[in-house]
Every structure is written in structure tokens, then in C-alpha cells.
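Shown next, in C-alpha cells, is the structure this report addresses.
Because the structure is predicted, anything quoted here is derived from the model rather than measured. Computation of the quantities below employed the complete heavy-atom set of this structure, encompassing side-chain atoms and omitting hydrogens, waters and symmetry-equivalent molecules. When a ligand or atom number is given, it counts from 1 through the structure's own listing order.
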Amino acid sequence: MIKNMFLVTVLTAAAAFFLSCGAPANSQLDIIPRPVSEKILAGEFLITSDFKIVLEDENEAVRRVADHLAACLEKSTGNHPDIIVGAGGFNTLLLQAGVSGIEPEGYSLRVNPDGVVLKAADAAGLFYGVQTLLQLLPAPIYRPRPSAEAVSWSVPCVVIEDAPRYAYRGLHLDVCRHYFPVSFIKKYLDYMAMHKLNTFHWHLTEDQGWRIEIKKYPKLTAISAYRNETLVGHYSDTPRRYDRTRYGGYYTQDDIRDIVRYAADRFITVIPEIEMPGHSVAALAAYPELSCTGGPFEVRTIWGISKDIYCAGKEETFTFLENVLLEVMDLFPSTYIHIGGDEAPKDRWEACPDCQKRIADEGLHNEHELQSYFIRRIERFLNEHGRQLIGWDEILEGGLAPGATVMSWRGMNGGIAAARQNHDVIMTPTTYCYFDYAQADRAIEPLAIGGFLPLKKVYEFEPTPADSLTEEQQAHIIGGQANVWTEYIASEDYCEYMLMPRVSALAEAVWTWKQLRDWDDFSHRIQKQYQRYMYMDANFRIPTPVIADTVQVRAGGAVTIDNPAGFGIIRYTVDGSEPSVSSPVFSDSLVFESPGVLRSRLFLPTGRGSSIISTVVEVK
Ligand code: ACM
Ligand code: ZN
């Protein structure tokens, strides 16, 4: 919904322009996600050692934004700017909150040669304006330490007006299949902030591990947080092999409070996910009396779906889950609590006298309606505590709980069905949003769960299926999200690899207005983003040299290779060996007199190399 005249004006002008030209004008400022409007003025502003951040009024939330920017600048420049209250002026950044006419989370940024003024309705808008300001600076501003080289911290003079398309801009992380320490969760939140994402969906409980301390149920951390071993290689490998190593870990309640606070400082809401009724074997290993059969169970060591789930007939199950949720609600101020609901086979319920009695007593028709009973009951409990329920799209089966928000993952259809029933929806279809899928041909990528989700496909994600919904129903699509399931993602490095650069494409899908989205323009802007990732020391996926699998040349003809990053060096071999930092440098073109196999690889200035591309060169 566009409520604001400024956006109406800018977007109407943009739409008229696109109609006449067929495509949006290219962006000149490498900002990701692309803002609503940007205008370049003459000159530049230099951030020097006497630069100050000025708050128009003393305000706790605005001061947090100022502190955040000061810390970012200090990390890379070595200077911590003073933060004062006053009227702005020469060599300052003035932060003004409460400005009318700007959308929630939106901002207006004006850079002049003698100072910067950033205005917003709310502190979140100022925070996003600060993220844009950082992107206007040279990429070494993202260094985690002062630069060895001298950098001129210049910002081009611009006017940027901006506001997000969707209120819900999410990123998920599964910390159950593999555990990630608090320090990495904070990094992940920093990556989210940089991409203007505002909701962290924290998947905390699973078959393979329970990761949140619950004081009332100490066995959840003593037993459920650890598995005896982990599958090695892919689930479909035969024979299956295991590593015979105990694995696990959990977040204490203090850890969680620390992370929730860290996220709030970055205007990120943390939504915890406590899975039910399925994906619950780790909890059942500690409390088998909550199952239909009574167990015993072991924390699962293999991926996939378990038939053992919480019993929906026993009252103890609800007592347990409500007690867990009470502690969860105490830790997480988020209005939304995610209760999972996906992949819950009904085999045990079909055979369980307690579950069958529940079906009869409640006048239900089948096990799908029993799942619906389960979710409705939990929703009522959450609502009584002022919270709202989110579940995966399986919660549609057997009937939606009255106020449930649906997270549509098995394509968009679940989301469409929910929106047609006037329920809010978050779109996260596997086709565009599953960052555990491989980013390129599996032959050149590390082991992944499967699938194929290159950067361009993520860029094509359009959260609102306009053709399938009325305008009123479209308003129920509150945003989109990408999911990072970690069966095959065991390390921080690999997690960063799967996240970046795809998170840039996600950011554009959920922040940038549809009329301004353009793959070619994004492909250019992503080059600067690669530099930012490099300076941050992030283990992003380096794009591979661009050349066909097979090329034909005449004898003495030249082969060309394009560098999609726009920086770094392509090195190659023709003897079948792996290109390394000491292999010959490809420059412009390479002459072939006879057929061969060309292997090429892009190296960053840091020495990190991309995957290797092999090309058959046929000489005619
Ligand atoms: C899911 O991927 N099982 C929600
Ligand atoms: Zn049962």
C-alpha cells in the first residue's frame, strides 16, 4: 500500500519513465538494495577526523543509530566521531527523526560538500539511511580494522529518498542441524542489517538438536542438545557413513537475551521457531512420554523426516509446550512466535489410542484436523499472551488457525490460499529462497542438499503473485524471506558462502520497488558489493569467469573470458592442473593453435579463488 505522496510521486514518475523507455534508468550509485530515487549532485563530502554526528534532540533510539555509525566508522578509519546534540552544520551528519511525510523505515539522505542531513519518521529509517551512507563510502569502510592503505573517505553529493516495499524482510538460520556460536549469530545479524533485512527467523529446535535453554526442562539441554554422531556425505549416499563424534551445543538464556538486544540495536526482530508437532525427536529423546509410543528415542543423527512426533492426544504434550513457550515469550519480545507445523507424518497418530480418542472427543474427521486442533490450541495460548502465531504452509491442512500467519515454502500456492482466506503471508518458496540449494553446477560446488539456485534466480523472486490475488488479498503478502537450512552447512565459512551474494538479491526482492528491479542494473551494482564482502572478510561465493563450456576458434584465434566481478584477476591453465595464484594471468584474450582444455578461475586481491571453470577449446 502506498500511503505517502512522496512515494506516489516518485514511483509514478518512475512508472511513466519505464513505460516510455521500457526499462528503468541505470543506477549510478552502487547501492544494494536499490533505493526509490537517487540524484547525484556536484562535489563530494569528506569524512575527516573532526567529523561529528549530531542528534537534533536527545533520543535513545536515535543515539543507538549514532553509536552504531560511530562504531562502524571507528573500525575501519580508526577515528570515533563525537556524538553531540545540536543543530548540525559544517562537517557533520545531522540525524533528524520524527519527520513527517516519510514512510515507516524510510529515509531521506542529502549529502552536500559541507555536511550530511539524514531525515526519517522513525529511528529504523535513520538506521537504513546510515546503511546507505556506508555504501556511498569507498568499500574499505567495511574493513573490520583500520586500513593499512590510506583511503580518502569521500561520499558523493547526492539526494536519496527511500522506503521499503515490504514490512517483513526476513532471513532464517537453522542452528539445529549445525550449531553456530553467538559470535557468528551476531555476524549474521550484521550481514542482515547491511542488507536492510529486519526479521531474523531463528530455527531453534529440531530432530537433530534442541538449542534453547529452558529452565523448567533441564533435560532439553542435557540430553536433547547433543547427538551421538552425524551423517557424513550426502543423505542419499550408499552405504551411509557416520562420523562417530558427539555433536551439539545450545544457547543459554543469557546468550539469547544478548542476541535479542544485539538484533534490536540493528532494528532486527528475532522470531524464535519452536517446532511442533513434527521435527521434535530431540525433545522426545529427553521426554519420551510426550510421544505416541513412549519411545525410547535418540537425538537423530541423520537428516530427513521422522515419523515420531509429539502426541496430540496426551495433555502432557500441551503442558510441556505451553511451559516452553512461556519461557520463550519471556526471552523474545517479538509479536510473532513460529511454531513450525511442517513435515509432520500422521502415522503415529493413526495408531495411537490417545490421538484417536482426541479425534473422537473433539469431533474431528481425520489426523489433518487433529493437526489443526493442535495448532489452534497453541495459537489460543499465544494469543492469550499477546502474541501471534506463524507456521509453515502445512498448517493450512485441516483448516487454518484463525489468526495464523502462513510462511509459504512449498512454492507460492500455500501463500496464495492463505491470502485468499485473508491471512497474512510470508513468501519463502524453495524455488527462489532456499539458500541451502547449490549456487551453480554441482560439479564445481561444495556438497549441498541439492537443488539449483543461482544468484539470478533469487533475483527473479517476486513475493506478490499479483495475477492470482485481488489487490486486497495482495496486501496480505507482508514480505519474503530466505532460509538457510544447515544439514550440509557445518561451518561459518560455508554458511557465508551460501548466504552471499544471494542475500543481496533477496534484499532487492523485499526492499526495492518492483518497477526499479532490473537484473542488468543489479549485475553492475553487485560488483561493488563483492568488494564490500571482500573487505569484510566474508567468505562469499566469488563469481566464476564467464566463458562457455565449449568454444570454437580458428587456429591462431583468441578465446575471451569475462570477469563478472569487475576486479580481481583471472588465472588459467591449459595442462589440466588447477589454476592457482601462481598460474598465468589471463589478459584480454588467449590464442589457441591446437585444441585443449582451458581451466580458468577468478582470484581476489586477497588470494581467494573462485570455483574452477573448464572449457573445451575446439580449433578448426
Ligand atoms: C521446510 O523447509 N521444511 C519448512
Ligand atoms: Zn498420540
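- Draw a line from the Zn ion (ligand 2) to SG of C355 and another to SG of C292, and the angle between them is 110° (to 10°).
- With a 4.5 Å cut-off on side-chain heavy atoms, I256 and T252 do not count as touching.
- Ring pair Y217/Y287 is perpendicular by interplanar angle, where above 60° counts as perpendicular and below 30° as parallel.
- Cation-pi check for R608 over F540 is met; the charged atom lies under 6.0 angstrom from the ring centroid and within 45 degrees of its normal.
- Geometrically, R34 does not engage F522 in a cation-pi contact defined by less than 6.0 Å to the ring centre and at most 45° from the axis.
- The nearest protein atom to atom 2 (O) of ligand 1, hydrogens excluded, is given as Y434 OH, 2.6 Å; this is a heavy-atom distance.
- Checked against W210 for a side chain to side chain contact (heavy atoms under 4.5 Å, CB included), the options I274, V299, L204, V281 give a single hit: I274.
- Only the side chain of E343 comes within 4.0 Å of ligand 1, counting heavy atoms alone; its backbone N, CA, C and O stay farther away.
- Here is the list of ligand 1 atoms found below 4.0 Å of a heavy atom in W485: 1 (C), 2 (O), 4 (C).
- One finds an angle of 110° at the Zn ion (ligand 2) between SG on C352 and SG on C311, to the nearest 10 degrees.
- Residue, atom and distance of the protein heavy atom nearest to atom 3 (N) of ligand 1 are D342 OD2, 2.7 Å.
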